[in-house]
Amino acid sequence: MKILIAEHAGFCFGVKRAIEIAYEELGKGKKTKLYTLGEIIHNPQVVKDLAKRGVEVLEEKDLYKLSKGDRLIIRSHGISKKLYNFLEQKGVEVIDVTCPFVKKVQNIVEEYYKKGYDIVIVGDKNHPEVIGVNGWCDDKAYIVNSVEEAENLPFFERLCAVSQTTLIEKHWEEILQVLRRKAKEFVYFNTICDATQKRQEAADALSKKVDVMFVIGGKHSSNTQKLRKICEKNCKNTYHIESADEIMEEMIKEHEVIGITAGASTPDYVIDEVINKIKSIKGEG
Ligand code: F3S
């Protein structure tokens, strides 16, 4: 039996940084309550561990509960400009771990919106990152996630397009072809982050070579779901799992080459647990 790990897998730079800063903040031993706006990463194990240490997850609708001096961690997905203003007015201490790559998208959107461009965000309108980015152009962006949706856009004088950082490159290229025809003046920024691209390329390459492919990551993690989609195209025995507990003997017993990739929110120890579980089922542990 062979276990192959994708060349790029697991924690990306932005998530690693976010987690490190969160634990650093805990280590300061401050008395004021520490919250995160939404789960800090799409990883149930990490979220549980933070909860054990007293970190509470708040949804946006519950932000009114915060008091002056409370500390709130803004996760790597980022937030809207309006929300920063609201938190400032409330006197909340903001620990901002917005990924610098997401910050870059927010800055582009703000800049071009101010210059009078209409904004198109290519991505999932329900994803917190996209909702946050839209908040840098007064929530006026057109959000499209398919060629059809792009076709249905009106014609613009001046248009600026950006992508959700976790978009699949090919998907962006297809939609871009349509957007090019939709404006007199068109500027676009491929803001798909390097980490995403590398994970996707590595998952694509590996899933072509294996009998079974495990994609590890939170079930709600959009970048993990995309990795699963990529792998499914190449390997029919692709499983999206959150932890080693989900691996059943029948998934691997008749197979010899097993591939592993992991979403950007998956800590290394979860990947190690998966490797150990496979080895123990195969009697090689
Ligand atoms: Fe940032 Fe890319 Fe990760 S945008 S949070 S480094 S997937």
Side-chain angles (χ1 to χ4, degrees), residues 8 12-15 17-18 38 41-42 74-81 97-156 158-183 185-204 217 220-230 233 263-265:
H8 298 276
C12 63
F13 152 78
V15 167
R17 175 176 167 270
I41 59 168
H42 298 293
I74 305 300
R75 60 187 167 176
S76 54
H77 294 322
I79 57 168
S80 68
K81 196 173 176 176
V97 297
T98 304
C99 176
F101 295 122
V102 175
K103 198 86 228 158
K104 185 176 132 197
V105 192
Q106 295 174 346
N107 290 342
I108 293 171
V109 164
E110 186 182 32
E111 180 189 335
Y112 280 83
Y113 180 65
K114 277 189 185 153
K115 284 183 185 165
Y117 284 73
D118 280 297
I119 307 290
V120 170
I121 305 169
V122 180
D124 173 2
K125 65 176 186 308
N126 298 314
H127 192 281
E129 176 195 317
V130 173
I131 296 170
V133 168
N134 194 13
W136 291 82
C137 58
D138 291 335
D139 298 320
K140 296 262 175 59
Y142 294 82
I143 302 169
V144 296
N145 206 10
S146 67
V147 165
E148 295 71 44
E149 283 171 2
E151 290 285 6
N152 287 334
L153 288 173
F155 190 80
F156 301 95
R158 299 204 292 167
L159 187 64
C160 168
V162 293
S163 50
Q164 185 178 343
T165 55
T166 48
L167 216 61
I168 294 177
E169 189 81 30
K170 198 166 157 270
H171 189 59
W172 159 253
E173 292 292 341
E174 282 165 4
I175 293 176
L176 199 60
Q177 293 314 318
V178 181
L179 294 177
R180 284 180 203 281
R181 293 188 268 106
K182 286 287 180 183
E185 192 192 323
F186 181 52
V187 289
Y188 62 92
F189 298 87
N190 177 343
T191 43
I192 299 174
C193 100
D194 209 14
T196 306
Q197 261 182 61
K198 283 186 179 152
R199 261 159 204 69
Q200 291 174 358
E201 282 164 13
D204 186 45
H220 300 296
S221 151
S222 110
N223 78 83
T224 310
Q225 286 167 3
K226 279 169 195 153
L227 289 177
R228 188 202 67 216
K229 267 195 208 160
I230 289 170
K233 275 195 208 138
S265 315

Are the side chains of [Y] and [X] in contact, using a 4.5 Å heavy-atom criterion?
X      : Y      : result
Cys160 : Phe189 : yes
Val187 : Tyr117 : yes
Glu169 : Asn190 : yes
Val122 : Leu179 : yes
Ser265 : Thr224 : no
Ile230 : Glu201 : no
Asn152 : Val144 : no
Leu176 : Phe186 : yes

To the nearest 0.5 angstrom, please state how far the [atom1] atom of [X] sits from the [atom2] atom of [Y].
X      : Y      : atom1 : atom2 : result
His8   : Asp194 : NE2   : CG    : 8.5 Å
Lys170 : Asp204 : NZ    : CG    : 10.5 Å
Thr98  : His77  : OG1   : NE2   : 10.5 Å
Gln197 : Ile168 : CD    : CD1   : 11.5 Å
Ile108 : Ser163 : CD1   : OG    : 8.5 Å
Gln164 : Lys226 : CD    : NZ    : 4.5 Å

Practice task
Could you give me the CA-CA distance, side-chain angles and deciding distance for Glu129 and Arg75, then say whether salt bridge (charged side-chain N to carboxylate O under 4.0 Å, His left out) is met?
Solution key: CA-CA 10 Å; Glu129 176 195 317; Arg75 60 187 167 176; over 6 Å; no
Please report the closest heavy-atom contact between [X] and [Y], naming both atoms and the distance.
X      : Y      : result
Gly14  : Cys99  : CA-SG, 3.9 Å
Val147 : Val178 : CG1-CG2, 3.8 Å
Thr166 : Ser222 : OG1-OG, 3.4 Å
Thr165 : Thr196 : O-OG1, 3.3 Å
Pro100 : Arg17  : CD-NH1, 3.7 Å
Ala264 : Asn223 : N-OD1, 2.8 Å

Exercise for the section: Take Arg180 and Gln177 through the test side-chain contact (heavy atoms from CB on, under 4.5 Å) and record every step on the way to the result. Expected result: CA-CA 5 Å; Arg180 284 180 203 281; Gln177 293 314 318; 3.8 Å; yes
Practice task
Show the numbers, then the answer: is there a side chain to side chain donor-acceptor pair (under 3.5 Å) between Asp118 and Tyr142?
Solution key: CA-CA 8 Å; Asp118 280 297; Tyr142 294 82; 4.6 Å; no
Handout entry: Exceeds 12 heavy-atom contacts within 6.0 angstrom, atom NZ of Lys103
Key = yes
Practice task
Evaluate side-chain contact (heavy atoms from CB on, under 4.5 Å) for Asn145 paired with Leu167, printing each intermediate quantity in order.
Solution key: CA-CA 9 Å; Asn145 206 10; Leu167 216 61; 4.2 Å; yes
Practice task
Please confirm whether Lys115 makes a cation-pi placement over Tyr112, using NZ or CZ under 6.0 Å from the six-membered ring centre and within 45° of the ring normal.
Solution key: yes
